Number of protein chains: 2
Amino acid sequence: MTTDTKQRILAAARRMVQARGYNALSFRDIAKEVGIKSAGVHHHFPTKGDLGAALARQYTEEAVTLLHDLLERFDNEQLTLERYASIFRSALVQDNRMCLCGIMAAEHHDLPADVRVEVDRFTEVNVDWLCKVLSFREDGRDAESIKRLALAIFAAIEGAQLVARGRGDVSVFDDTVQAYRSAGLFA
Amino acid sequence: MTTDTKQRILAAARRMVQARGYNALSFRDIAKEVGIKSAGVHHHFPTKGDLGAALARQYTEEAVTLLHDLLERFDNEQLTLERYASIFRSALVQDNRMCLCGIMAAEHHDLPADVRVEVDRFTEVNVDWLCKVLSFREDGRDAESIKRLALAIFAAIEGAQLVARGRGDVSVFDDTVQAYRSAGLFA
DNA sequence: ACCTGAACACCGTTCAAGT
DNA sequence: ACCTGAACACCGTTCAAGT
């Protein structure tokens, strides 16, 4: 049994959104890629909002397991955060794509409510994970201060990805993350 | 003599892009706001790319003079960077809008070449300005290190804006910038 | 359950035509 | 120079109909 239509729709849609955003997501383009008609796509995802929400949900789920694995083989903060940054880097390398939730955050105004919920959850998952990584430190930081720093690291990496993508140049991402490190934003 | 149609088109378009992005920019919506037909908008800006480029050019020009004034009344680094951050903050406060070039960076794939050029120039203007601010420091940093830090500060602030907008919460921006400061990314 | 064909009201864009 | 009306090929979406 081959991968079913629903999964192929999700895969095609994911690639489109990471490359061109939620607004540029087209049922007709998806249909062309999958080999059915656009009305057929609607059978699996009644509205564009349903597709977007499913997309973001799946994306966040994958992030959860990926980050879980990364935390399991935690050795030290620097290497772990380097691996974390390299996840965002790899999106840029793949045809200058962006984090699905990063690009969707920019389109906040056009997102249906249930898509927004998933975008928020992605941020939460990342911030919570970064909190865990940072709590390995022994600098007696309180939980609130850790949470703010975690949010800052997440925002900084999203920003590095956004600016590097705008320039169409991965080395901008590398330089920026390097500067974050030497400035002391993270280990 | 009142403001002419061309300027009113640019003003309406600016508001739309900062709220919903380049892709969501609609000639028919602009026409409705200005009080003419969509074909009339094309008389002033032949293509959507022409309008986008003019928009980004005007936006960057305004940034140039704004940043110039900010540098003229430079007193110390911390206050100057606080004023700088507050520019990006004010966009969020105005109906959760974004930096025009930030949101356009996310749409990089869909931008015509001449729009991309302007988005790049905005980044350059900001980075160059930050370099000047940072060069007031007396820590004997070389030019390359200053430039990387300037790029990092710009990317970090864009990221803070992006994430805060995604959550629809200005306080996320404030917390993040505060964390950048305590982490030592900037004074 | 899964998909198509045809229709709806929208796009950006073009172009001939009006003033 | 400035704008309109009408047309073009596109959208997302709906829905009745086919298998």
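Residue numbers start from 1 in every chain, and the chains themselves are labelled A, B, ... in the order their sequence lines are given, proteins ahead of strands. All of these numbers come straight from a predicted model, not from anything done at the bench.
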- Message: Under a 4.0 Å threshold between the charged nitrogen and the carboxylate oxygen, would A:Glu124 count as salt-bridged to A:Arg121?
- Response: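 A:Glu124 and A:Arg121: not salt-bridged.
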- Query: Charged N to carboxylate O below 4.0 Å: is that the case for B:Arg89 and B:Glu82?
  - Reply: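 No, no charged N to carboxylate O under 4.0 Å.
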- Message: Please verify the inter-ring angle class for B:Tyr59 with B:Phe122; under 30° counts as parallel, over 60° as perpendicular, anything in between as tilted.
- Response: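 The rings of B:Tyr59 and B:Phe122 sit tilted, inter-plane angle from 30° to 60°.
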Please check this pair: side chain of [X] against backbone of [Y], looking for a donor-acceptor N/O pair closer than 3.5 Å.
| X | Y | value |
| --- | --- | --- |
| A:Arg97 | A:Arg15 | yes |
| A:Arg165 | B:Ala106 | yes |
| B:Lys48 | B:Phe27 | no |
| B:Glu33 | B:Ala12 | no |

- Residues which pass side-chain hydrogen bond (donor to acceptor under 3.5 Å, both in side chains) with A:Arg116, listed by chain and number, not counting sequence neighbours: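 Here no residue qualifies.
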- Message: Holding to side-chain hydrogen bond (donor to acceptor under 3.5 Å, both in side chains), I want the full list of residues that pass it with A:Asp75, two or more places apart in sequence or in another chain.
- Response: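 Once residues adjacent in sequence are excluded, the partners of A:Asp75 under the side-chain hydrogen bond (donor to acceptor under 3.5 Å, both in side chains) criterion are A:Arg83.
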- Heavy-atom pair with the smallest gap, counting every atom of B:Leu67 and B:Trp129: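 Heavy atoms only, the tightest pair is O-NE1, 2.8 Å.
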- Task: With pairs defined as Watson-Crick or G-U wobble and both distances under 3.5 angstrom, please note down DNA chain C as a dot-bracket string, | for pairing with another strand.
- Result: ||.|||||...|||||.||
- Of all of residues 17-27 of chain B, which get a heavy atom below 4.0 angstrom from DNA chain C, listed by number?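 Under 4.0 Å from DNA chain C: B:Leu25, B:Ser26, B:Phe27.
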Whole-Å distance between [N] [atom2] and [X] [atom1]?
| X | N | atom1 | atom2 | value |
| --- | --- | --- | --- | --- |
| A:Arg8 | C:dC3 | CZ | C1' | 14 Å |
| B:Ile36 | D:dA1 | CD1 | P | 16 Å |
| A:Ile30 | D:dT13 | CD1 | P | 10 Å |
| B:Asp4 | D:dA1 | CG | P | 15 Å |
| B:Ile9 | C:dG12 | CD1 | P | 13 Å |

- Task: Please name the residue in the list A:Leu130, A:Val177, A:Leu149 that meets the side chain to side chain contact (heavy atoms under 4.5 Å, CB included) test with A:Phe186.
- Result: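 The side chain to side chain contact (heavy atoms under 4.5 Å, CB included) with A:Phe186 is passed solely by A:Val177 among A:Leu130, A:Val177, A:Leu149.
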- Please say which of B:Asp110, B:Asn23, B:Val115 ends up in a side chain to side chain contact (heavy atoms under 4.5 Å, CB included) with B:Met104.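 So the option named by the test is B:Val115.
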- Message: Applying side chain to side chain donor-acceptor pair (under 3.5 Å) to B:Thr47 and B:Asp50, what does each step give before you reach the verdict?
- Response: CA-CA 5 Å; B:Thr47 69; B:Asp50 292 324; 3.1 Å; yes
Atom pairs under 3.5 Å, N or O on each side, protein against nucleotides 17-19 of chain C: can you list them with distances?
none

- Query: Quick one, which residues of residues 37-54 of chain B touch DNA chain D with a heavy atom under 4.0 Å?
  - Reply: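 Heavy-atom contacts with DNA chain D come from B:Lys37, B:Ala39, B:Gly40, B:His43, B:His44.
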